[in-house]
Amino acid sequence: MADLPRRERFVGLISGTSADGIDAALLAVEEVPGEGMPRVSLDAFVSEPFPDESRDRILAAAAAESGSDALAELRRDLGEWFGQAARRLLAGAALDPAAVTAVGCHGQTVWHRPPTPGRPGTSLQLVDPAVLAAEVGVPVVHDFRSADLAAGGEGAPLVPWPDQVLFSREDEAVALQNLGGMGNVTWLPPRGRDEAPLAFDTGPANALLDVCAAWASGGARRFDQDGRLAARGSADEELLSRLLADPFVDQPPPRSTGRERYGPELVPALATERGLVTDPSPGRAGDGWADLAATFVAFTVQSVARALERWVLPLGVDRVVLTGGGARNPLIVNGLRARLAPLPVECGAAALGMDPDAREAAAFAVLAWAFVRGLPGNVPRATGAGEGVVLGSWTPAPGRGRPWPWSGPVGAEARFEGSDPS
């Protein structure tokens, strides 16, 4: 009798560097004997914004303004919040948690420092996996960056191998440019080519612009919706030149960054330098704030375009697909289209083949599947790690039987096409 397909369900959970809320994706992953990669389908997706108080606590932790007691409380609460989002996801899909093999939860990044010569990198994602596992009733795979960091890598980006599983196509090379709080790109070769993806962080995408919008509105806005604030201003060319002179912009991959470099404190410092004050009336920010917002938009466009032109386009690219909150900002989208023309720059579910907002949550569901199979989930070409390694740690759920997931070969014998592209 021929081997039958093996089909399981996994949940992926993430809150990005913008700390807007929790994305939760339910994936069906099917292994078909003889096929190089699993078949994956998105069965359900929800995105739940954080209340202002919760987001403020996360941003305070990311700004190193929280004591150890506040961090401990936040870690525990994040376990509960992620668990609630997962339960609502499964309830909406009418799926019993017992039918889910594992939850892959990236947690909330509050600090990420890449390695430097003579100093290993470090990264901190907050979530209490035991609280999450108890809340949902499903085992949890978490702490995805640590193994890559221990192997000498950047610990980021984590999505290139899941991107290859989810989005690679037989007949085209695609650049997936995420525009979240930070920007990152994944270059995917045509499926079947014996070449690993390339991925790296491009720099800030919305992080500085979000803080600018909040300061300009006296805290009334979380982000510059539709680029309205920036559209009223003009980029400050002198400041733009200074921002583009940051050594990170020209640093070759592998590379990663975060709020440790492009943190919220940069915005008030630049505002003070320009004599700006906040206006508590929404929509009444002065021209100075609009100019600063326009400068941050230009910085995003130019830094992303420069990264693509130097390290991605030479590999061959048929089209660029934008995802993340920045893909809904017409100033950023139109700026990239103008800079990268005539290369197609696309947005939306039709371009990606999935709801773009679900992309990163889906990636962590795939990484949870890889952990359960004992398969390396990192891409050394992207992170700089010395080898492919299994990513994550395992926390069992109460009453869910055996505590350890691997049932097949591990180590050198555990291989799946694309799983160890070193």
Side-chain angles (χ1 to χ4, degrees), residues 14 16-17 106-107 109 111-125 143-165 168 173 175-178 180-189 193-205 246-262 303-304 306-317 360 363-364 366-367 370-371 375-393 411-412 414-416 418-422:
I14 185 172
T17 53
H106 185 44
T109 297
W111 187 255
H112 180 80
R113 181 184 55 72
T116 55
R119 187 184 188 193
T122 186
S123 194
L124 178 61
Q125 286 70 48
D143 189 25
F144 287 95
R145 295 199 196 277
S146 292
D148 187 85
L149 286 162
E154 301 260 330
L158 295 175
V159 298
W161 185 70
D163 277 344
Q164 189 175 35
V165 171
S168 64
L176 304 180
Q177 175 67 52
N178 181 57
M182 298 295 152
N184 53 75
V185 63
T186 300
W187 174 78
L188 297 175
R193 184 191 294 182
D194 188 20
E195 186 172 6
L198 174 68
F200 57 91
D201 286 355
T202 56
D246 183 351
F248 179 83
V249 174
D250 293 317
Q251 177 183 325
R255 67 185 204 183
S256 60
T257 192
R259 291 180 179 272
E260 81 291 342
R261 189 178 199 106
Y262 298 109
S303 59
V304 168
R306 184 181 296 188
L308 295 180
E309 289 165 348
R310 293 186 65 176
W311 296 298
V312 178
L313 300 191
L315 300 174
V317 175
E360 291 193 303
F364 285 97
V366 173
L367 287 174
F371 178 92
L375 299 172
N378 64 331
V379 176
R381 181 185 187 184
T383 67
E387 60 182 332
V389 291
V390 177
L391 302 180
S393 299
R415 290 292 180 266
F416 200 79
S419 67
D420 187 9
S422 57

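- With hydrogens and angles ignored, the 3.5 Å screen pairs no side-chain donor or acceptor of R113 with any backbone N or O of G121.
- When all heavy atoms of W311 and P252 are compared, the pair lying nearest together is CZ2-CA, 3.5 Å.
- Between the W187 side chain and the G316 main chain, a donor and an acceptor come within less than 3.5 Å of each other.
- A donor-acceptor pair is defined here as one N or O able to donate and one able to accept, closer than 3.5 Å; such a pair exists between the side chain of T383 and the backbone of A385.
- Residues meeting the side-chain contact (heavy atoms from CB on, under 4.5 Å) test with A156, sequence neighbours left out: H112, R145, S256.
- Q177 pairs by the side-chain hydrogen bond (donor to acceptor under 3.5 Å, both in side chains) definition with T202, not counting sequence neighbours.
- Atoms CG and CG, from L198 and L188 in turn, are 10.0 Å apart once rounded to the nearest 0.5 Å.
- Residues satisfying the salt bridge (charged side-chain N to carboxylate O under 4.0 Å, His left out) criterion with E260, sequence neighbours excluded, are absent altogether.
- With sequence neighbours excluded, the residues satisfying salt bridge (charged side-chain N to carboxylate O under 4.0 Å, His left out) with D246 are R261.
- Between A382 and P157, the shortest heavy-atom distance links the atoms O-CD, 4.2 Å.
- Summarising the geometry of A151 relative to V389, their closest heavy-atom pair is CB-CG1, 4.2 Å, with the distance given to 0.1 Å.
- Between the side chain of R255 and the backbone N or O of F248, at least one donor-acceptor pair lies under 3.5 Å.
- Scored by the side-chain contact (heavy atoms from CB on, under 4.5 Å) test, S146 finds D143 as partners (sequence neighbours excluded).
- Closest non-hydrogen pair, G377 versus L391, comes out as C-CD1, 3.6 Å.
- Atoms OG1 and CG, from T186 and D163 in turn, are 4.0 Å apart once rounded to the nearest 0.5 Å.
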**OP:** Apply side-chain contact (heavy atoms from CB on, under 4.5 Å) to the pair L375 and V390, showing each step before the final yes or no.
**Re:** CA-CA 6 Å; L375 299 172; V390 177; 5.9 Å; no

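- Side-chain contact between L149 and S123 is present, with at least one heavy-atom pair separated by less than 4.5 Å.
- Applying the ring pair (Phe, Tyr, Trp, His ring centres under 6.0 Å) criterion to F144, with sequence neighbours excluded, gives F364.
- The side-chain hydrogen bond (donor to acceptor under 3.5 Å, both in side chains) search around S168 returns R191, not counting sequence neighbours.
- Side-chain contact between N178 and V185 is absent, with no heavy atoms from C-beta onward closer than 4.5 Å.
- Of all the heavy atoms in P204 and S303, the pair that sits closest is O-OG, 4.4 Å.
- Between the N378 side chain and the E387 main chain, a donor and an acceptor come within less than 3.5 Å of each other.
- Residues P114 and E154 come closest through the heavy atom pair CB-OE1, 3.2 Å.
- Residues passing the side-chain contact (heavy atoms from CB on, under 4.5 Å) test with R310, sequence neighbours excluded: D250, R306.
- In this structure, V312 and V317 have side chains that are in contact, with non-hydrogen atoms separated by less than 4.5 Å.
- In this view, P162 and A363, V366, L367 satisfy the side-chain contact (heavy atoms from CB on, under 4.5 Å) rule, not counting sequence neighbours.
- A search for side-chain hydrogen bond (donor to acceptor under 3.5 Å, both in side chains) contacts involving Q251 returns nothing, not counting sequence neighbours.
- Considering only residues two or more places apart in sequence or on other chains, N184 meets the side-chain hydrogen bond (donor to acceptor under 3.5 Å, both in side chains) condition with none of them.
- At a threshold of 4.5 Å between non-hydrogen side-chain atoms, the residues T109 and L124 do not count as touching.
- In this view, D201 satisfies the salt bridge (charged side-chain N to carboxylate O under 4.0 Å, His left out) rule with no residue, not counting sequence neighbours.
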